[in-house]
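Atom set for the values below is all heavy atoms of this structure, side chains included, hydrogens, waters and symmetry mates excluded.
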Amino acid sequence: MIVENREDKRNIARTILEALPEWFEIPEAREKYISEAADQILVAIFDDDMPIGFLCLEETGKDTAELHVMGVLKEYHRQGVGFALFNEARDIARLKGYSFLQVKTVQLGRYPEYDDTNKFYLACGFKEFEVIPDLWGEENPCQIYVMYIGEGV
């Protein structure tokens, strides 16, 4: 479901990102994601009233949206929550007229947690675009994936 309220967006992002220190351990980066969530398209999935996963979309170009940040509580991993979030976000991006989606993550082969993230994006249908070796520091080369989602409106 799309969340509209800015404070709800920040609260959802905070709840989930703080529960995922393996991926969001740097406080400044985590706080930036939380703050930015208020101004982005935020899709969330709930178990009863508790948010269990969310994804934020951000426009990065006239024809491209980025999966800016995504998180699913660990106890809900491998239960289809991530794919459901991705599918809804892809549909929203299409409806808004974007032709491409992109996502950035740490390059495959660096850390087991991020290897799972890479495999998830590849399973969604993303293709490798490029690696930027020093965007996040030498120890965390940035892998960019892209996906064609159809002609924009």
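A 4.5 Å side-chain heavy-atom check between M70 and Y121 finds at least one atom pair inside the cut-off. F54 places none of its side-chain heavy atoms less than 4.5 Å from the side chain of T15. For the pair V3 and I12, the minimum side-chain heavy-atom distance is below 4.5 Å. At least one side-chain heavy atom of V69 sits under 4.5 Å from a side-chain heavy atom of L17. Looking at L55 and L67, their side chains come closer than 4.5 Å, going by heavy atoms from C-beta outward. The side-chain heavy atoms of I16 and I52, taken from C-beta on, include no pair separated by under 4.5 Å. V43 is listed as a side-chain neighbour of I92, based on a closest heavy-atom distance under 4.5 Å.
Here the closest heavy-atom approach between residue P141 and residue V131 is recorded as CB-CG1, 3.9 Å. The shortest heavy-atom contact between G125 and M147 is C-CE, 3.3 Å. Minimum interatomic distance between L85 and G71 (heavy atoms only, all atoms of both residues): CD1-O, 4.4 Å. Taking every heavy atom of both residues into account, A37 and L42 meet most closely at CB-CD1, 4.1 Å. Between L73 and A19, the shortest heavy-atom distance links the atoms CD2-CB, 3.6 Å. Contact between V81 and G53 at its shortest, heavy atoms only, is CG1-CA, 4.4 Å.
To the nearest 0.5 Å, atoms CZ (R10) and OG (S35) are separated by 7.0 Å. Taking CD from E130 and CD from Q102, the interatomic distance works out to 9.5 Å, rounded to the nearest 0.5 Å.
Both I132 and V106 belong to a common hydrophobic cluster when Ile, Leu, Val, Met, Phe, Trp and Tyr are linked at side-chain heavy-atom distances under 4.5 angstrom. Hydrophobic clustering places I45 together with I2 (ILVMFWY residues linked when any side-chain heavy atoms are closer than 4.5 Å, directly or through intermediates). L108 and W136 fall into different hydrophobic clusters, where Ile, Leu, Val, Met, Phe, Trp and Tyr residues are linked whenever their side-chain heavy atoms come under 4.5 Å apart, directly or through other members.
A donor-acceptor pair is defined here as one N or O able to donate and one able to accept, closer than 3.5 Å; such a pair exists between the side chain of N5 and the backbone of D8. A donor-acceptor distance shorter than 3.5 angstrom exists from the side chain of R94 to the backbone of I149, with no hydrogens or angles considered. Looking at D115, its side chain does come within 3.5 Å of a backbone N or O of G109 through a donor-acceptor pair. At distances below 3.5 Å, not a single donor-acceptor pair connects side-chain atoms of N118 with backbone N or O atoms of T105. With hydrogens and angles ignored, the 3.5 Å screen pairs a side-chain donor or acceptor of Y114 with a backbone N or O of W23. Within the 3.5 Å criterion, the main-chain N or O of Q40 finds a donor-acceptor partner in the side chain of K9.
Residues T64 and E59 have side chains that never bring a donor and an acceptor to within less than 3.5 angstrom of each other. A donor-acceptor contact closer than 3.5 angstrom links the side chains of N87 and R90. Using modelled atom types and a 3.5 Å distance limit, the side chains of Y111 and N140 yield a donor-acceptor pair.
Looking at F129, Y98, F100 one by one, the single match for ring-ring contact (aromatic ring centres under 6.0 Å, His included) with Y148 turns out to be F100. Each of H68, E66, Q143 was scored for a side chain to side chain donor-acceptor pair (under 3.5 Å) with K104, with one residue passing: E66.
Ring centers of Y145 and F120: at least 6.0 Å apart, outside the cut-off. In this structure, F24 has its ring center closer than 6.0 angstrom to the ring center of Y33.
The environment of I26 atom CD1 is sparse: at most 12 non-hydrogen atoms of other residues, nucleotides or ligands sit within 6.0 angstrom. More than 12 heavy-atom neighbours from other residues, nucleotides or ligands sit within 6.0 angstrom of CD on E75.
Between D91 and K96 there is no salt bridge, since no side-chain nitrogen of the basic residue lies less than 4.0 Å from a carboxylate oxygen of the acidic one. Here K32 does not pair with E28 in a salt bridge; the nearest charged N to carboxylate O distance is not below 4.0 Å.
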| request: Before giving the answer on salt bridge (charged side-chain N to carboxylate O under 4.0 Å, His left out), spell out for K74 and E22 the whole-Å C-alpha distance, their side-chain angles and the decisive distance to 0.1 Å. | output: CA-CA 10 Å; K74 283 177 26 176; E22 298 91 337; 2.4 Å; yes
